[in-house]
Each structure stands twice: as C-alpha cells, then as structure tokens.
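Note sheet for the following structure.
Lettering of chains follows the sequences in order, A, B, ..., and the numbering in each one begins at 1. The shown structure was predicted, so the numbers you read here are calculated from the model rather than taken from an experiment.
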Amino acid sequence: MSNSSIVALIDVNNFYVSCERIFQPSLNQHPVIVLSNNDGCAISRSQEAKDLGIKMGEPYFKFKNLVKKHNIKVLSSNYTLYADMSARVMKLLAKFSPNQEIYSIDECFLNLTSFKKRNDMISYANEIKKTIKLCLGLPVCVGIGPTKTLAKLANHMAKKHENFNGICDFNSMPKDLQNIWMEHIDVSEVWGIGRNLSLKLHKMNVNSVMDLKKSNFKRMREQFSVVMERTIEELNGYPALELEEYFTPRKQIISSKSFGKSMTCLSSLQEALSTYIKNAWKKLREQNSLLQTITVYIKTNRFSMNTKQHRQSIQMNLTSPTDDIIVINKIALFLLGKIYRTGYKYHKVGIMLSGLSQKNENDQYDFFITKNIKNSKINDVYEKINKKWTDKIQIASAAGIKKEWKMKSENKSKNYTTNWNELCKAFAN
DNA sequence: CTATAACTCTCAA
DNA sequence: CTAACGTTGAGAGTTATAG
C-alpha cells in the first residue's frame, strides 16, 4: 500500500466554451456551443447547452431550431485561441509536479506520488484548481487515484456530481464507498471502453464499472484484447499504463479537411491538397523528421444519399527519406491525379505522411537525400519567410485565388491572446 | 512456412 | 428556399504478400 502511486488527472470543464467565456463574459450565464471545423457539429457545450439536450458531436442543422428557441450562442472554433490557452494551462500545472503527461489539449496527468507525505491530496488539488481559476479564469476538475484509469474515473465523478466540488480522490475514499460508486456508474464511462466495447459488454451482462472490475481478466483478454486486460488491472489499482512524460515525435502526420462545399474539378482539389501538404510539411519540419511514405485520399460526402460515392486512397513509398516540400508536393499531386475521377462531388481531400524517421545530421544517407542542394536551400528559405510573415509565399499550386474549398467558419472569435490587432478590434466598440 | 507490410477497426479528445 | 454531419493520432489485430 505504501508504495502505491498517486496519479491525478486535471481536465478543463467544457474547454473551448470556457476559453470563449474568458473574453466574452456576457456568455457566462448563457447556453453556448462551439462548432467543429466547417461549422459542422457541436464539439463543446456549456452546461446550459447540455441541459437543453444538445449532444456531443451532434450536427448543427439538427438542433438549429433549439438554438433559435433558446437563443443559444453558437461559435465557430478558434483553435489558435484554444492552443494558446492550453499552453498556459499546462505550464501552470507543471508547477505542481515534476512528472506531467500532456494527454490532450485540455487535460494532463500529474504524478503526485512524491507529495504523499502531505497526506492531504484534496487540499493540494484545491490549490491546483484555485490557481488555474485565478490565473486564467478557467474551471477545472481534478480526479485522483492509484492508476491513470482510476484517476480518469474520479475526474468523471468530480465533473458529474457537484458535491465533490470539482475534486474526487479515490485514494482517500473508503473501499465500500468506492464500490458503491462503481456499481452505479455505467461501464461505458471507463476510459478505453467506447461504443462498440460497451455494447458487447452489456450483452455479456457486464453493465457497471464494478462488473468490469470484478470480471476475470484472463477470460476477458481472450474474448477482447490486451487493452481490455490492462483496463481491468487498472480498475483494480494495479498500474498497467505508464505516465508518458516525454515528447515523442509523431509516427504519422495527417492533414485533411472537408470543404465548405463539394467540388468536382481537379484543379480545385489540387489547390486544396497543396495547402494541406504545406500544413503537414510544417509539422514534419517542426519535429525534425523525414518521411518515406506519402498517402493521398479523396472522398465524396458519405451522408449525401443521392450522389454517387467515390472513396479512394493511394500510397507511394519513396526510395529514400525526404523532407523536401517540392518533392512531396510533386508526388502528392501526381497521386491525386491517379485517383481523381470526373463527375464526382468531392467533399474532402487529405494527405498522410508516414514512415517517419528522425533527421540526423551525421547519417550517411543524408548525403543522398539532399543531393539536390538547391531544393534544400529553397526549403529553408521558404520556411523562414513563412515563419516571419505567416504564409506570405506559397508553392504555385497552392496559390489559388478562389479558395472555393475554404472552410465555413461564420462566427469565430478574435485571437485575443496571440494577435494585438485582433485584441484591439475585439474591444474597440 | 515465417516475418513483415498493409489494411481494418476501435478509441479518444 | 434547400441542404447541411470534424480532425488527428495511436495501437492492436487481421489479412496479404514476399522470400
């Protein structure tokens, strides 16, 4: 018992909506939602909006009448703002433990084992909560347990039940009380148990968290997978998942977006693809990687019942790794041409870079990759200019004037934290 | 046959 | 008026393929 670890999961409540509310306090008592790209689906909802019955991921057009009826504030997503706020949150949280795993844009794990002698984790969690509220104006919940999965579950409880006051600690909760909670929470709330798995579990009469916790993990492993086995171990307080503290380069990089409206002509698709290639390439350079495989795919709108469907992807393996945007661009556009068919209303195009490896100046093969020194210089210059004056120059094929494919984003807030001009504009009137 | 590549499915935020 | 439904990443398991 004494050597068991203490893991906390800190998660910002309704993150995107909460970010918007900082800069528009008038939204505070109001039902608010933030939409996904293209103003497609609800991806963040204030408590008031949840209470009105708007579901996570629900398409906008399906609840437009509710929006009108209750005067719900609808915002397009502003990822620049959220990313910046996220960085601030994580920086603050890092002060509370030397061991932090940033798990997603709005949540992180902290290992608090070394603070065990404080013996009052709840008050420590309260400090965390107060700090984030005071410094950034964001509400968070803290869940604590002996494993990551239990910390997640505790966080869920802290969010759902007001009497926890935003903090739930399994470690300090009597065993019989823990059991009661687990018997009353549906198994689908467990981290890693998604739609399909919970359906299967329910069929086997494994309904509550407790049912899963008590189940025979060996049999469950046979019927499901090693992931399920780990989940069960974690529910029982035996850590099966490590805290992943260190930066690891992505193993694949995807850039892909749905269009504002569907398109049939190849040149528009090429234009869009070139822009996505540039996004992917930027990420590739940021993590100092080289790629070996390029995948391009196109899709028609799968929800559109009356149009002919076409979905296809195509892949090419390069003979040697590269990070040359001119090469990537050339190949990707060539691949697009291969799979493109006339007469289809395309809705999405995307690129995936995979087979990534880290660039190493000393590697022999580096000599062969950069045999085109001119290209390599062009890449560097291109990168520098675009960093200095955000995206002022472009590869010709991306420089479309029409940008027909551009996303819909009808009600985006200003970049309050990263752009002085926008900040001034936002509060000018 | 095995080892690996390629592809599919699932989950998460 | 109509039609309108996100993106990115990871990992495990399965199937196809090369040698």
Side-chain angles (χ1 to χ4, degrees), chain A residues 9-16 33-45 54-65 67 74 76-77 79 82-83 86 101-109 148-149 152 155-156 188-201 221-231 240-242 244 248-262 276 279-280 283-284 287 292-293 295 297 299-307 311-317 345 347-356 407-410:
Chain A
L9 178 78
I10 299 96
D11 184 315
V12 182
N13 306 345
N14 319 328
F15 182 54
Y16 297 169
I33 61 162
V34 173
L35 297 174
S36 65
N37 279 348
N38 253 322
D39 291 347
C41 303
I43 50 169
S44 182
R45 307 153 296 154
I54 294 171
K55 288 192 271 311
M56 185 61 174
E58 200 177 0
Y60 182 31
F61 72 91
K62 284 195 177 176
F63 58 85
K64 247 184 178 165
N65 45 346
V67 168
V74 179
S76 306
S77 37
Y79 286 108
Y82 312 147
S86 172
E101 173 186 338
I102 297 175
Y103 175 67
S104 76
I105 193 162
D106 77 325
E107 61 188 295
C108 79
F109 290 100
K148 287 166 84 174
T149 304
K152 268 273 195 188
N155 186 281
H156 170 259
S188 62
E189 302 293 351
V190 174
W191 188 34
I193 307 295
R195 230 194 60 220
N196 288 31
L197 286 178
S198 47
L199 211 71
K200 281 183 205 162
L201 287 170
R221 173 173 185 151
E222 283 161 22
Q223 286 188 46
F224 295 91
S225 71
V226 63
V227 181
M228 178 68 81
E229 182 186 13
R230 288 183 193 140
T231 299
L241 303 170
E242 295 283 313
E244 285 161 28
T248 45
R250 304 269 78 87
K251 293 169 183 173
Q252 56 176 356
I253 294 168
I254 297 174
S255 180
S256 144
K257 275 172 189 58
S258 304
F259 306 132
K261 65 178 198 205
S262 52
Y276 304 157
N279 290 342
K283 291 191 202 170
L284 186 79
Q287 67 170 39
Q292 187 114 29
T293 304
T295 309
Y297 55 90
K299 294 173 182 181
T300 49
N301 187 350
R302 71 194 162 99
F303 294 107
S304 173
M305 289 305 178
N306 309 320
T307 51
R311 251 160 283 170
Q312 200 169 345
S313 74
I314 185 170
Q315 214 169 57
M316 185 182 275
N317 279 306
K345 292 181 157 184
H347 173 251
K348 186 176 197 172
V349 56
I351 180 161
M352 179 165 90
L353 311 179
S354 53
L356 304 190
M407 287 192 306
K408 201 155 85 175
S409 181
E410 288 184 338

Which nucleotide in C:dT8, C:dA10, C:dG13 has an atom nearest any side-chain atom of A:Ser225: C:dG13

For A:Glu410, is there any backbone N or O sitting under 3.5 Å from a side-chain donor or acceptor partner on A:Asp39? yes

Between A:Ser104 and A:Asp106: side-chain donor-acceptor atoms closer than 3.5 Å: yes

Nearest whole Å is fine: how far is C:dG6 C1' from A:Tyr297 OH? 11 Å

Quick one: label A:Phe15 by what it contacts on the DNA or RNA (base, sugar-phosphate, nothing), any heavy atom closer than 4.0 Å. nothing

Send over the distance from A:Glu222 CD to C:dA12 P, rounded to a whole Å. 18 Å

Which sits closer to the 5' end of DNA chain C, A:Lys283 or A:Val227, going by the nucleotide each is nearest to? A:Lys283

Just to be sure I understand the rule, does A:Ile254 reach a base, reach only the sugar-phosphate, or reach nothing, if contact means heavy atoms closer than 4.0 Å? sugar-phosphate

Base, sugar-phosphate, or nothing: which does A:Asp11 touch, judged by heavy atoms less than 4.0 Å apart? nothing

Separation of C:dA10 atom C1' from A:Leu241 atom CG, nearest Å, is 13 Å

What integer distance in Å separates A:Phe224:CZ from C:dT14:P? 14 Å

Do A:Lys283 and A:Arg250 pass the side chain to side chain contact (heavy atoms under 4.5 Å, CB included) test, and can you show the C-alpha distance, the side-chain angles, and the key distance before you say yes or no? CA-CA 9 Å; A:Lys283 291 191 202 170; A:Arg250 304 269 78 87; over 6 Å; no

Under 4.0 angstrom, heavy atoms only, what part of the nucleic acid is A:Leu35 near: base, sugar-phosphate, or nothing? nothing

Quick check with a 6.0 Å cut-off and a 45 degree axis cone: is A:Lys148 positioned over the face of A:Phe109's six-membered ring? yes

If I take atom CG in residue A:Asp39 and atom P in nucleotide C:dT7, what distance separates them, rounded to the nearest angstrom? 12 Å

Base, sugar-phosphate alone, or nothing: which one does A:Lys55 contact when heavy atoms must sit under 4.0 Å apart? nothing

What's A:Val12 touching, base or sugar-phosphate or nothing? Going by heavy atoms closer than 4.0 Å. nothing

Heavy atoms under 4.0 Å, any strand shown: does A:Ser77 hit a base, just sugar-phosphate, or nothing? nothing

For A:Asn65 and C:dT2, what is the distance between atoms CG and C1' respectively, to the nearest whole Å? 16 Å

Let me know the distance between CD1 of A:Ile351 and P of C:dG9, rounded to the nearest Å. 12 Å

Pairing partner (Watson-Crick or G-U wobble, both distances under 3.5 angstrom) of C:dT17: B:dA3

Between C:dG6 and B:dA12, how far apart are the two C1' atoms, rounded to whole Å? 14 Å

Ignoring hydrogens and geometry beyond distance, is a side-chain donor-acceptor pair present between A:Asn14 and A:Ser44 at under 3.5 Å? no

Sub-3.5 Å pairs of nitrogen or oxygen atoms, protein against nucleotides 3-5 of chain C:
{"residue": "C:dC5", "atom": "OP2", "partner": "A:Asn301", "partner atom": "ND2", "Å": "2.8"}

Which whole-number value in Å describes the distance from A:Lys299 NZ to C:dT8 C1'? 12 Å

Under 4.0 Å from a heavy atom of chain A: give me the 5'-most and 3'-most nucleotides of DNA chain B that qualify. B:dA6 to B:dA13

Measure all distances between protein nitrogen or oxygen atoms and nitrogen or oxygen atoms of nucleotides 16-19 of chain C, and list the pairs falling under 3.5 Å.
none

Pairing check on C:dC5: which nucleotide meets the Watson-Crick or G-U wobble criteria with it, both distances under 3.5 Å? none

